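Note sheet for the following structure.
This structure is a prediction, so every number in the text was calculated from the model and none was measured. Labels below follow one simple rule: chain letters A, B, ... track the order of the sequence lines, proteins then strands, and each chain is numbered from 1.
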Number of protein chains: 2
Amino acid sequence: MPKRRITQADVAAMAGVSQATVSFVLNDRLPAGVRLSAETRQRVLDAIRITGYSANPVAQRLAGGRNQIIGVFTYEATFPGGGRDFYGPFLVGIEHAAEQLGIDILLFTSARVVEGRRRLTRDGWQRLGIADGCLLLGQHEDRSELQHLLDTNYPFAFIGKRSSEGGRLPYVGADYTGATRRVVERLVALGHRRIGYVGAMGTDQPTTDRWEGYRDALRDAGLGARLVPEEEPDAVVAAVVEQRLTAVVLSPERDAEELHDALARHGLDVPRDVSVLLLGQPHHRLRRPQQWSGFAIPREEMGARALLLLSRLIAADDVPDADLHRLLECTEVEGATVAAPTHHAEPLVP
Amino acid sequence: MPKRRITQADVAAMAGVSQATVSFVLNDRLPAGVRLSAETRQRVLDAIRITGYSANPVAQRLAGGRNQIIGVFTYEATFPGGGRDFYGPFLVGIEHAAEQLGIDILLFTSARVVEGRRRLTRDGWQRLGIADGCLLLGQHEDRSELQHLLDTNYPFAFIGKRSSEGGRLPYVGADYTGATRRVVERLVALGHRRIGYVGAMGTDQPTTDRWEGYRDALRDAGLGARLVPEEEPDAVVAAVVEQRLTAVVLSPERDAEELHDALARHGLDVPRDVSVLLLGQPHHRLRRPQQWSGFAIPREEMGARALLLLSRLIAADDVPDADLHRLLECTEVEGATVAAPTHHAEPLVP
DNA sequence: ACAAGACGATTATGCGCATTATTATCGGTC
DNA sequence: GACCGATAATAATGCGCATAATCGTCTTGT
């Protein structure tokens, strides 16, 4: 804030035109019925350059214009449990794209966390208005909020697939289903026949997607799905032993290292006795440098592309439906926790 | 954005008062010459509750009020080289405090990066105005920008010590000098006599502070300072050998792991032959889980406290000078890279 | 010579709030 | 009964911009 900010009125005075004219030139979009001569236009442009004018984003927004700010709302609290480890990469992608586009990022940290979740309260809705649009991320299922979002015509986009609300929610997600499928197919190709899915059977999109990929891959291979919902590592190990699993795919909320240790305590080596594949980056902090096999969610790219999508939605309201949704491929991670099943693990009499 | 946002005018209508009255009640601060009866006040309060009114932050700001948004400006680009690893923790602290205070965070990612540094251009200054105040972080020495900041009376605070501009720059920093001093004293107590400082002799505050702590600790112990400015790990090792150093303190920009490997290649073990202490968290990503000895900068706390300081500056403009600056203690990290010097490393004839 | 456009702008208004200046009413005083 | 100080509020203004509504001045056709 310089001593006296330069306003459109200042520019107008210098160019010898009205404030409105300056606004027209700046937005490069003449309302119907308004015309400007090339010469006037140039005078205004010169004045802008000389004065070093730059728009006041607050006034812009109040007057119903755009201000090159996009909001980021995370449903889950960002910190407890090192949440930033998970959200961080998305943020990096968002910021990277924002930098390219000359956009500022507003983090809605003021929305109080209730029961571990941020909510879009009345206050929250009001605050969204500061930004031209908003990116939403995190698990969340409050129907009324989603509906409200759609009703208001406020530009927004989700990071992470959202198939509810009749597919009208714009998003950029990752193809968990396909990635899980490929990972399982790889196990099958290696000779694994008893492959477990370790994780809770939730109703959230990532979980159902992963399960779908797992189930379909096994079905296509003529094998059966085996859900291991147990929470406790030792219970998981018990299931592995009991069902004579030679490989498990692991939901990323589960602590792979704990499982690894539990397996070791029972004399099972990874990957010799059991292959372990991680379906996405682990949500907890890794304590050891081990390279887990599985796949990686392109979180940075998701963040960046979501911002790009949102920009389009803000700029034009006639974005084709097909462009509203985008699934990015996950990268397979070779890692060191997968191997062909050892012979003795194979039942001699299937 | 609900269908029709509720404004102060709506509340006023319901309470049967004027819009101004609502504003007075909300801000809980009557301008000289204005009085409100307790009864009217209550009616307004009720109307606010019933309508669920919540202020429009944009209008608030345009009218010269506060809007509970604080900006964060980082001088260095946030990403290249995994910068977020360094800035991340500050951000976490800031966000944490922001959540407590009900404040939103605006990241000024729109400021273009020129020569690896973000700059506060005219455009940047203008954009700062969106927020009530701003936190600045990163190395930076542009005098004119600092002066401008002071001139405009815009509330701001630095994260990281800033002694320039006659001590008028508010900051929350870490006590590099004291931490370095204690680390060196610890080495001396262990019996080390030839302790090198590995790092560039820059003019930036962290560097000069660390050097000061190092130099003073050695001086007080009657020992001489030994700067090892070499960049190349092998060159550093050469200096270590040549000067028969038994310990080195390492500037965090240096890659400790590379140095470790270079030492190993020359047959020097850490910490048996050479103790290595890190003066702060390493700026690069660690590839091995080794626990480096040294000290840790309380980055999260710095972020949080800086936000608190900024809040005070925004709320009241009569903050005592003494409260404008704050140095936090660094935590000493025990680690596994320090040990007493082995006898054979000690010169028999000093 | 005069209406009908085309041309090139300007004036006016409002966004939602903070704040300043102003007004209205009443009890008491000289 | 005119005057004053309190009391309790309201009207008016402006922040800087986008945008709708309006207004001159030329040209051109007839």
Where the side chain of B:R326 meets the backbone of B:V172, is there a donor-acceptor pair that is under 3.5 Å apart?
no
From A:F156 CZ over to A:L128 CG, what is the distance, rounded to the nearest 0.5 angstrom?
11.0 Å
Nucleotide by nucleotide, 5' to 3', does protein get under 4.0 Å of the base (B), only the sugar-phosphate (S), or neither (-) in nucleotides 3-10 of chain D, counting heavy atoms?
----SBBB
Rounding to a whole Å, what distance do you find between A:L26:CG and D:dC17:P?
8 Å
Between B:D46 and B:R43, is the closest basic N to carboxylate O distance under 4.0 Å?
no
Taking B:N27 for its side chain and B:R29 for its backbone only, find out whether a donor-acceptor pair lies under 3.5 Å.
no
Mark yes or no for whether B:R61, through its side chain, and B:G129, through its backbone, hold a donor-acceptor pair below 3.5 Å.
yes
Indicate, with a heavy-atom threshold strictly under 4.0 Å, whether B:A55 touches base, sugar-phosphate, or nothing.
sugar-phosphate
Nearest-Å distance for atom pair CZ/P, residues A:R61 and D:dA18
12 Å
Just N and O in the side chain of A:N56: are any of them under 4.0 Å from OP1 or OP2 of D:dC17?
no
Using a 6.0 Å cut-off, check whether atom CZ of B:R162 has over 12 heavy atoms from anything other than its own residue.
yes
First-last contacting nucleotides on DNA chain C - partner chain A, under 4.0 angstrom, heavy atom
C:dC7 to C:dG16
Of B:I314, B:I69, B:L313, the residue whose pairing with B:D132 passes side-chain contact (heavy atoms from CB on, under 4.5 Å)
B:I314
Base, sugar-phosphate, or nothing for A:T7, non-hydrogen atoms under 4.0 angstrom?
sugar-phosphate
First encountered from the 5' end of DNA chain C, between B:V58 and B:R29
B:V58
Nearest heavy-atom approach of A:P320 to A:R312 is CD-NH2, 3.8 Å
Sugar-phosphate, base or nothing in reach of A:R66, heavy atoms under 4.0 Å:
nothing
